[in-house]
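Please read the structure below before turning to the comments.
Ligands are counted one by one from 1 in listed order, and the atoms in each one are counted from 1 as well.
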Amino acid sequence: MNKSMFETKQIQPRILYYGTPVVLLNTLNEDESVNISPISSSWALGDHIILGLGLGGKAIENLRRHPECVINLPSPALWANVERLAPYTGKDPVPEYKRATGFSYEKEKFKAGGFTPVESLSVKPSRIGECPIQIEAKVNHIRVTDAFAIVETQALQVHAHPDIVMGENHIDPGKWSPLIYNFRHYFGLGAELGKSFRSET
Ligand SMILES: Cc1cc2nc3c(=O)[nH]c(=O)nc-3n(C[C@H](O)[C@H](O)[C@H](O)COP(=O)(O)O)c2cc1C
C-alpha cells in the first residue's frame, strides 16, 4: 500500500457539516401558525428520528410548548427555496448572536420559501406539499446540552409523493434523492454504487 494514501493534515474547521440531508422542520407557533426551520442535524433509527437544534431558535421553543412536528425532506430541486429561508428565524426579537450573523425575523416562512401548506393527519403543524417525503412525528424526549437540544421524535405518519414510491410501502432509492448539506454547500446524490444486503428493493 502506498504510504502517502494514509497521509493526513490536521485542520481546525469551524464546522463539521460533513454531508447530511436537509430537513425542513415544521413546528407550531404560539398562535397556531407554522414555523419552518431548515436543519441538517438528524438521523433515523427504526421509526425514531433524532434532531439537533440550536437553543436560540424558534423550533426548540415551539417543540417545548407543543411536542409535535413535521419532518419534511426536500429534493435537490428545492435547494434555492431552502436557501430563501436560511437567513430567517421565527424568533422575535431576534437573539443578538443571530442578528450579528445576519439573521432577521420572518413569520411567514411558507411564503418566504415559496412553499405550500398541506394539512397533517395526526399532528397540528401542517406539512410542506412540495417536499417528496413528509413525516408527521411526536416528540418523546428532549435533552438539553450547553449549546443545543437533542430531540427524540417518533414517526406517526409517513407521506411520500407517488412518483418515488415502489409497491405499497417502499421508497424507490433510484427515484428519491435527499438534498445534502455538505460543508454549507448543497448537493444531490450521484449515481448508485450498490446496495446493502438488507435492501428489500
Ligand atoms: C441547510 C441548513 C441546515 C441547518 N442545520 C441546522 C441544524 O441542524 N440545527 C439547527 O439548530 N440549525 C440549523 N440551521 C440553522 C437554522 O436554520 C437557523 O438557526 C434558523 O434561524 C432556524 O429557524 P428558527 O429560529 O425559526 O427555528 C441550518 C440552516 C440551513 C440553511
Give the numbers and elements of all ligand 1 atoms closer than 4.0 Å to a heavy atom of [X].
X     : value
Lys58 : 24 (P), 25 (O), 26 (O), 27 (O)
Gly57 : 25 (O)
Ala86 : 31 (C)
Ala59 : 27 (O)
Asn35 : 24 (P), 26 (O), 27 (O)

Around atom [atom1] of [X], are there more than 12 heavy atoms from other residues, nucleotides or ligands closer than 6.0 Å?
X      : atom1 : answer
Glu119 : CD    : no
Asp163 : CG    : yes
Leu121 : CG    : yes
Lys91  : NZ    : yes
Tyr105 : OH    : yes

Shortest protein heavy-atom distance from atom 5 (N) of ligand 1, along with the residue and atom involved: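 Scanning the protein heavy atoms, the shortest distance from atom 5 (N) of ligand 1 goes to Ser40 N, 2.9 Å.
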
Top protein contact for atom 7 (C) of ligand 1, by heavy-atom distance: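 Result: Ile39 CB, 3.4 Å.
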
Can a non-hydrogen atom of [X] be found less than 4.0 Å from any atom of ligand 1?
X      : value
Tyr186 : yes
Tyr88  : yes
Lys109 : yes
Lys98  : yes

Would [X] count as being in polar contact with ligand 1, using the rule that some N or O on each side must be under 3.5 angstrom apart?
X      : value
Gly54  : yes
Leu53  : no
Tyr181 : no
Thr89  : yes
Pro38  : yes
Ser37  : yes
Gly90  : yes

Leu73 and Trp176: CA distance, side-chain angles, deciding distance, side chain to side chain contact (heavy atoms under 4.5 Å, CB included) verdict: CA-CA 10 Å; Leu73 293 160; Trp176 160 243; 3.9 Å; yes

Any Val118 side-chain heavy atom under 4.5 Å of Ser126 side chain: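 No, their side chains stay 4.5 Å or more apart.
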
Side-chain donor/acceptor of Glu152 to backbone N/O of His48, under 3.5 Å: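 No.
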
ILVMFWY cluster, Val23 and Val123 together (side-chain gap under 4.5 Å):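 In one cluster with Val23: Val123, no.
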
Ring-ring centroid check Tyr186 Tyr181, cutoff 6.0 Å: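 Yes, close enough.
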
Residue part near ligand 1, for Ile60, under 4.0 Å between non-hydrogen atoms: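 Neither part.
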
Side-chain ion pair, Glu83 and Arg184, N-O less than 4.0 Å: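 Salt bridge between Glu83 and Arg184, a charged N being under 4.0 Å from a carboxylate O: no.
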
Verdict with reasoning, Leu53 to Leu25, per side chain to side chain contact (heavy atoms under 4.5 Å, CB included): CA-CA 10 Å; Leu53 297 179; Leu25 182 66; 4.0 Å; yes

Heavy-atom proximity to atom 10 (C) of ligand 1, best of Gly52, Ser42, Ser41: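 The nearest heavy atom belongs to Gly52.
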
